[in-house]
Amino acid sequence: MAMPASRNIAPAPTRTTAQKLLDWYDIHARQLPWRHPPGAGCHPDPYRVWLSEVMLQQTGVSAVTPRFLRFVERWPDLSALAAANEADVMAEWAGLGYYARARSLIACAKTLVDQYGGIFPRTEPELARLPGIGPYSAAAIAAIAFGEQTIPIDANILRVVARLFAIETPLPAAKGAVATAAARLWPSMRAGDFAQALMDLAARHCTPRAPDCAPCPMRADCAAARHGLAATLPRKATKPPRPMRHGVALWVVRQGKSGAAGGAQVALITRPARGLLGGMRALPGPPWQVVAALPAPPELLQGRHLGRVRHIFTHFALTLDVVAADESALPAGDAPPIWWPLDQIDAAGLPTLFARAAALARAAMD
DNA sequence: AATGCGGGGCT
DNA sequence: AGCCCAGCATT
């Protein structure tokens with residue numbers, strides 16, 4: 001394979017580069033609830049490492065931390081999670097996004113209990129066979145929870161390595177070169193600490209937009225810093241524009257049966273298990289349509305227009321009109337709705353889009 | 001190799 | 001308004 005475009009003319013970073021970072025990490029490691037501090041002498045709980053890695057897939061530490069603490073308080077170990085009600089787990093995950101992660105998490109817990117005696121395998125290839133654990137997470141769990149000498153490469157580590165070696169090939173083509181460079185950089189011990197050290201450096205100093213190179217312990221060894229390229233790496237192919245979709249969410253309220261539990265109820269559905277917001281509860285409504293321009297609200301009066309919610313997904317922008325409607329407006333052919341107590345809507349586990357639509361609807365009804 | 005899949009916080 | 005993030009599964 002040809003070497004990547006690189007300005008790594010000076011001697012390649014050596015093992016001392018890694019040692020500099022480990023020394024920095026021993027002082028500056030972030031304290032996180034799924035971690036043991038460096039030098040603790042034992043590895044953190046694999047259950048917590050696994051859960052944190054899954055939550056952290058495409059999700060930031062600040063968003064994950066409170067949700068992680070809530071989750072482990074509710075299900076403190078693997079057996080508790082494997083025995084959990086699946087709808088409860090999905091509702092607990094609501095708002096975190098990428099809901100296939102939660103379904104894989106449940107499947108993985110059951111697999112571990114049923115086929116592995118409730119014990120995590122400790123090698124990278126075994127871990128990578130489990131649901132929701134891919135190449136990165138398998139390597140990360142093996143290194144952090146079991147001390148295996150693996151090389152997890154996430155977006156943070158990729159960024160730091162691309163800069164250290166001034167790899168100018170655009171992503172995703174640069175991944176092979178980054179893996180080769182990372183293997184050269186990696187120390188022969190403390191693989192887990194080294195991975196987490198790279199992540200902490202990436203979060204604190206080697207940031208995507210405006211890296212702060214002055215405090216970096218590896219600055220002297222960084223080819224990008226020498227060439228003033230740090231802020232421009234890694235390079236990325238330009239992304240296509242985001243198309244627009246439009247939808248209608250129905251707000252259908254009925255009076256519950258009289259009695260102690262009586263009260264207003266709102267119609268919810270459970271979305272299909274696969275696909276967008278899969279397996280999550282939602283407001284009913286017809287399928288969303290791709291549009292070139294938004295329809296004016298008066299065109300969609302199947303009921304009283306309560307307001308509009310705009311929501312950005314990864315690959316399209318949605319405008320959702322929330323409409324108060326009669327029970328007869330529910331899409332024919334759908335399964336019967338779940339009649340959820342209106343005063344407990346916050347406990348329904350709605351993903352953010354529908355939580356915002358419901359909040360808007362309740363405000364508009366007052 | 002490319003695509004689908006959330007959401008919030010940053011600039 | 002765009003870019004970013006402790007990626008994975010599917011095709």
Side-chain angles (χ1 to χ4, degrees), chain A residues 30 32-35 44 48-68 90 93-105 107-108 127-145 150-160 170-176 192 194-204 206-211 231-232 234-245 271-280 282 309-318 350-356:
Chain A
R30 286 179 291 181
L32 300 170
W34 48 88
R35 261 191 195 175
R48 294 168 74 95
V49 173
W50 164 63
L51 177 63
S52 73
E53 290 300 342
V54 174
M55 282 191 173
L56 287 161
Q57 288 165 8
Q58 299 289 282
T59 308
V61 167
S62 61
V64 164
T65 299
R67 305 299 303 266
F68 174 88
M90 298 308 291
W93 201 274
L96 269 176
Y98 286 129
Y99 298 99
R101 295 184 295 174
R103 296 195 295 278
S104 293
L105 195 81
C108 186
L127 288 162
R129 270 181 236 123
L130 293 164
I133 300 181
Y136 161 74
S137 297
I141 295 166
I144 296 168
T150 61
I151 304 179
I153 299 180
D154 73 324
N156 287 307
I157 294 175
L158 186 149
R159 184 171 67 251
V160 177
L171 291 173
K175 287 189 174 180
F194 190 68
Q196 293 176 94
L198 284 169
M199 293 175 196
D200 284 13
L201 183 79
R204 290 203 36 198
C206 200
T207 52
R209 302 284 185 90
T232 74
R235 304 218 166 121
K236 301 190 177 176
T238 56
K239 292 175 183 175
R242 208 190 316 264
M244 186 163 51
R245 292 188 201 180
R271 294 175 62 90
R274 311 178 90 102
L276 189 78
L277 306 175
M280 301 301 288
V309 175
R310 185 169 167 76
H311 192 78
I312 306 298
F313 290 92
T314 304
H315 54 296
F316 64 92
L318 175 71
L350 293 175
T352 297
L353 164 67
F354 290 110
R356 288 170 54 205

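All values below come from the heavy atoms of this structure, side chains included, with hydrogens, waters and symmetry mates left out. Reminder, nothing fancy here: chain letters follow the sequence lines and each chain counts from 1.
Comparing A:Thr314 and A:Arg209 by the nucleotide of DNA chain B whose heavy atom lies nearest to each, the residue mapping closer to the 5' end is A:Thr314. Checking A:Gly132 against A:Pro234, the closest nucleotide of DNA chain C that is more toward the 5' end is the one next to A:Pro234.
Between the P atoms of C:dA6 and B:dT3, the separation comes to 24 Å (whole Å). One P atom belongs to B:dG6, the other to C:dT10, and the distance between them is 14 Å to the nearest Å.
The phosphate of C:dC8 has OP1 or OP2 within less than 4.0 Å of a side-chain N or O from A:Ser137. Taking side-chain N and O atoms only, A:Arg159 has a distance below 4.0 Å to OP1 or OP2 of C:dC5. Neither OP1 nor OP2 of C:dG2 sits under 4.0 Å from any side-chain N or O of A:Lys236.
As a whole-Å value, the separation of A:Phe313 CZ from C:dC3 P is 19 Å. Computed from coordinates, the A:Arg103 CZ to C:dA9 C1' distance equals 11 Å when rounded to whole Å. For the pair A:Tyr99 OH and C:dG7 P, the interatomic distance rounds to 17 Å; values are reported in whole Å. Counting to the nearest Å, the P atom of C:dC8 and the CG atom of A:Leu105 are 13 Å from each other. Between the CG atom of A:Leu127 and the P atom of C:dC8 there is a distance of 12 Å, given to the nearest Å.
In summary, A:Arg35 and A:Asp200 engage in a salt bridge, as defined by a charged side-chain N under 4.0 Å from a carboxylate O.
Taking the ring centre of A:Phe316 as origin, the terminal cationic atom of A:Arg245 falls inside the region bounded by 6.0 Å and 45° from the ring axis.
Within residues 57-65 of chain A, the residues approached by DNA chain C to less than 4.0 Å at the level of any non-hydrogen atom are A:Gln57, A:Gln58, in residue-number order.
Residues A:Thr59 and A:Arg67 have side chains that never bring a donor and an acceptor to within less than 3.5 angstrom of each other.
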